[in-house]
Number of protein chains: 2
Amino acid sequence: MKKASLSDIALRLGVSKTLVSFVLNGKAKEYRISEDICQRVMDVAKELNYSPNRIAQGLRTGNTKTIGLIIADIANPFFGKLGREIEQEAARHGYNIIFCSSDENPEKSAQQIAMLQQSQVDGFIISPPINSEEQIRTLAKGPIPFVLIDRFIPEIDCNHIVVDNFDAAYTATKHLLSLGRRQIANITLNLDLANMKDRTDGYKQALRDASIEVDENLVKVLPFSHENKDVALAINELLGNRDDLKADAILFSTSKIGIMAIECISSLGLKIPDDIAVVSFDNTDAYKICVSPVTVIGQPLKEIGKTAMDILLNEIKQPGVKVKTQKVTLKTEFIVRKSCGA
Amino acid sequence: MKKASLSDIALRLGVSKTLVSFVLNGKAKEYRISEDICQRVMDVAKELNYSPNRIAQGLRTGNTKTIGLIIADIANPFFGKLGREIEQEAARHGYNIIFCSSDENPEKSAQQIAMLQQSQVDGFIISPPINSEEQIRTLAKGPIPFVLIDRFIPEIDCNHIVVDNFDAAYTATKHLLSLGRRQIANITLNLDLANMKDRTDGYKQALRDASIEVDENLVKVLPFSHENKDVALAINELLGNRDDLKADAILFSTSKIGIMAIECISSLGLKIPDDIAVVSFDNTDAYKICVSPVTVIGQPLKEIGKTAMDILLNEIKQPGVKVKTQKVTLKTEFIVRKSCGA
DNA sequence: TATTTTTGCTAAATCGATTTAGTAAAAAAT
DNA sequence: ATTTTTTACTAAATCGATTTAGCAAAAATA
């Protein structure tokens, strides 16, 4: 059962492939094809169950209607949800998404970018791993549109969509202060990334504004490729001695850290929020059924996904046109649950 | 900066495109290209930073090195992890994955299948929504390899990879019985799907083998498109009256149900496992930091991902050859945590 | 020396679709 | 009656790569 091609329709009707193409692509009026022929083309196309070959279309037109999405790990619920929003928005416009998980590894993301370029993707949506400046800079010099999400690279002028991390962390920390917490810790990732730095800066500024001196020993910086043991180490440094808890609250800079940390806190026999209050960036189902439902800073994932697609589509539809880069900063949502001791 | 094509290399060296293609595709020996020319081709290719256009390759060869993956929802951690394993295994073989979330909607999955066929995917990996028999049957008649995962359709002879759901549910229920639980409920999805039916059958058989009569009122069947309110209704029917709890344990047939149910149980002020023990299909990070870490039936996601790709690659490498369909049933892992009252 | 085989390449076709460049015939304008 | 414009299509080129079909010249064999 060979799949019907456009040529089969033309042969069947004794007309040119050109004519069939014009009809099927809504150009009949423009090229003055008669109504009669149009109808016969549509009929035969339907009879043969014709559907276009997007690979052939892509080769000829230079548009594959495919976007490459590079995120840290699709299995991470934060990125899973983000990916879902992007997938949905893309589908609304007839675009496919190829998902690549970089594991926060720049070598891996560079390979993925190369592979996606070979696949002639129309654009990229990238959550850049640390130390990926060079490959993003190269991308920015090329013709393919792209937009950074979740984090950006200050020294590169390109599209990005981020949230106001400073303000979010400031708000969260101030909230903990308002609940009487004074020894507030922050567990975060390598501060070379702007979004992580902003989160920690906001936390510190809230402490300073409350005339509390920032204790650098309460700021635990994990390597980017952090695992359970890294988080456990940080928690043990803060809370290992239950007669001398170093902190009475913790702000987690990511939900991945938060989940691992809470598991660790529970196994230490500590109670949330009685012994230690917690607040975390990014909402996730896990936080709702937690030992103590977690107070979170939620990101507008739907808006991020929609905005990313809008930016790309706008550039894709005007190839070669130099468009002003869009830098979008969105608001977070502070959701108070039990874990902060409210 | 126009991207270098294979023709550019040929022009630069004054040789044919054919020769360049042979060299770059490892066919130099076969077509007796001299060592000297080979080296010069490789040098120029490197100098021009040539990389192949996979769209052109796909059009000519009929292989796009792309697999279409259709699952319920990439934002669901179970499917997120499964997708991750598949993505990883595919990348190992140089394949891209296009992810589509069907939302358990057969109309949507039919559209996704059509779109992916237009994109000339080399194969499909599909977690079929309910009522998608017709589209799977049509796929089975076509030339493109595919494999069903997570659930299968008994009346269609095609590749599938599933776990032994009957045995898993039987074991879990027996475990609860061994802990003294007698009024064991099961919250599941529409039983028209074989995997859901097997889970409930295993649960029932364990009760019968313990000489406990199956109480159909303890089996709550949710619609496929279940939401929080559906789960809340079921939980309220079972546990709404805390002086007359209808169940002392619940087996959740999916983690999605489990998470929503636990949230509901907590808001009723009930304690897990003191008031109500719980066991759930499918491990997820959320269950580790739960009010009471959840006892789970874990699926071998890595093995599923690898097996799915193996099955597809085996068929892809011998097009047109009628291969015996592979029906794989894998073992689950029972992980005991606190929620069952152990 | 004549014939056959091997060597080391080449041009052209192919994939399926879209775009470009064109034109015979009919209709309208002069 | 002649010239110009419009109509309703067409053939061929194009996209970038791979495959198919082929062949002149050199080397080997008879």
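Convention: sequence-line order gives letters A, B, ...; per-chain numbering from 1. Heavy-atom basis, side chains included; hydrogens, waters and symmetry copies ignored.
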Stepwise side-chain contact (heavy atoms from CB on, under 4.5 Å) test for C100(B) and L69(B): CA-CA 6 Å; C100(B) 298; L69(B) 170 64; over 6 Å; no

Criterion side-chain hydrogen bond (donor to acceptor under 3.5 Å, both in side chains) on S101(A) and E87(B), from CA distance to verdict: CA-CA 8 Å; S101(A) 300; E87(B) 181 207 336; 2.7 Å; yes

side-chain hydrogen bond (donor to acceptor under 3.5 Å, both in side chains) evaluation trace for S5(A) with N53(A): CA-CA 8 Å; S5(A) 72; N53(A) 181 329; over 6 Å; no

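No donor-acceptor distance shorter than 3.5 angstrom exists from the side chain of D103(B) to the backbone of N105(B), with no hydrogens or angles considered. Side-chain N or O atoms of D122(A) include one that pairs as donor or acceptor with a backbone N or O of K65(A) at under 3.5 Å. At least one donor-acceptor pair closer than 3.5 Å links the side chain of N195(B) to the backbone N or O of D150(B). Side chain of S132(A) to main chain of P129(A): a donor-acceptor pair is present (N/O by atom type, distance under 3.5 Å, no hydrogens or angles). Counting only distance, with no hydrogens or angles, the side chain of S102(A) and the backbone of E104(A) share a donor-acceptor pair below 3.5 Å. Proximity of a side-chain donor or acceptor of K3(B) to a complementary backbone N or O of S51(B) within less than 3.5 Å is detected. In this structure, N314(A) contributes its side chain and I311(A) its backbone to no donor-acceptor pair below 3.5 Å. Side-chain atoms of E85(A) never come within 3.5 Å of backbone atoms of I304(A) as a donor-acceptor pair (strictly under, hydrogens ignored). Without hydrogens or angle criteria, T66(B) side chain to T64(B) main chain gives a donor-acceptor distance under 3.5 Å.
Side-chain N/O atoms of S7(A) include none lying less than 4.0 angstrom from OP1 or OP2 on dG16(C).
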Using residues 21-33 of chain A as the side-chain source, report each donor-acceptor pair under 3.5 Å to any protein atom, sequence neighbours left out, with the distance given to one decimal.
residue : atom : partner : partner atom : Å
S21(A)  : OG   : N25(A)  : ND2          : 3.4
N25(A)  : ND2  : S21(A)  : O            : 2.9

Extract all donor-acceptor atom pairs below 3.5 Å that involve side chains of residues 56-63 of chain A and protein atoms in other chains or at least two apart in sequence.
residue : atom : partner : partner atom : Å
T61(A)  : OG1  : Q57(A)  : O            : 2.7
T61(A)  : OG1  : N63(A)  : N            : 3.2
T61(A)  : OG1  : N63(A)  : O            : 3.4

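For the pair L6(B) CG and dC15(D) P, the interatomic distance rounds to 14 Å; values are reported in whole Å. Atom CD in Q120(B) sits about 17 Å away from atom P in dT18(D), given to the nearest Å. Rounding to whole angstrom units, NZ of residue K3(B) and C1' of dG16(D) are separated by 9 Å. One interatomic measurement links the two molecules: CZ of F22(A) to C1' of dG22(C), which rounds to 12 Å at whole-angstrom precision. Look at CG on L24(B): it is 11 Å from C1' on dA17(D), rounded to the nearest Å. Q117(A) has its CD atom 15 Å from the P atom of dG16(D), to the nearest Å. The CD1-C1' distance, from I9(A) to dT10(D), rounds to 18 Å in whole Å. If you take CG of N63(B) and P of dG16(C), they are 13 Å apart, rounded to a whole angstrom.
Of the residues in residues 30-38 of chain B, those placing a heavy atom less than 4.0 Å from an atom of DNA chain C are Y31(B), R32(B), I33(B), S34(B), I37(B), in numerical order. Near DNA chain C, meaning a heavy atom under 4.0 Å from it, residues 12-19 of chain B has G14(B), V15(B), S16(B), T18(B), L19(B) in order of number. Contacts between residues 51-60 of chain B and DNA chain D, defined by a heavy-atom separation below 4.0 Å, involve S51(B), P52(B), N53(B), A56(B), Q57(B), R60(B), listed by number.
Axis deviation across the helix from dT1(C)-dA30(D) to dT30(C)-dA1(D) amounts to 60°, comparing end segments of five pairs, rounded to 10 degrees.
In this structure, K27(B) reaches the sugar-phosphate backbone alone: every heavy-atom distance under 4.0 Å involves primed, P, OP1 or OP2 atoms, never a base.
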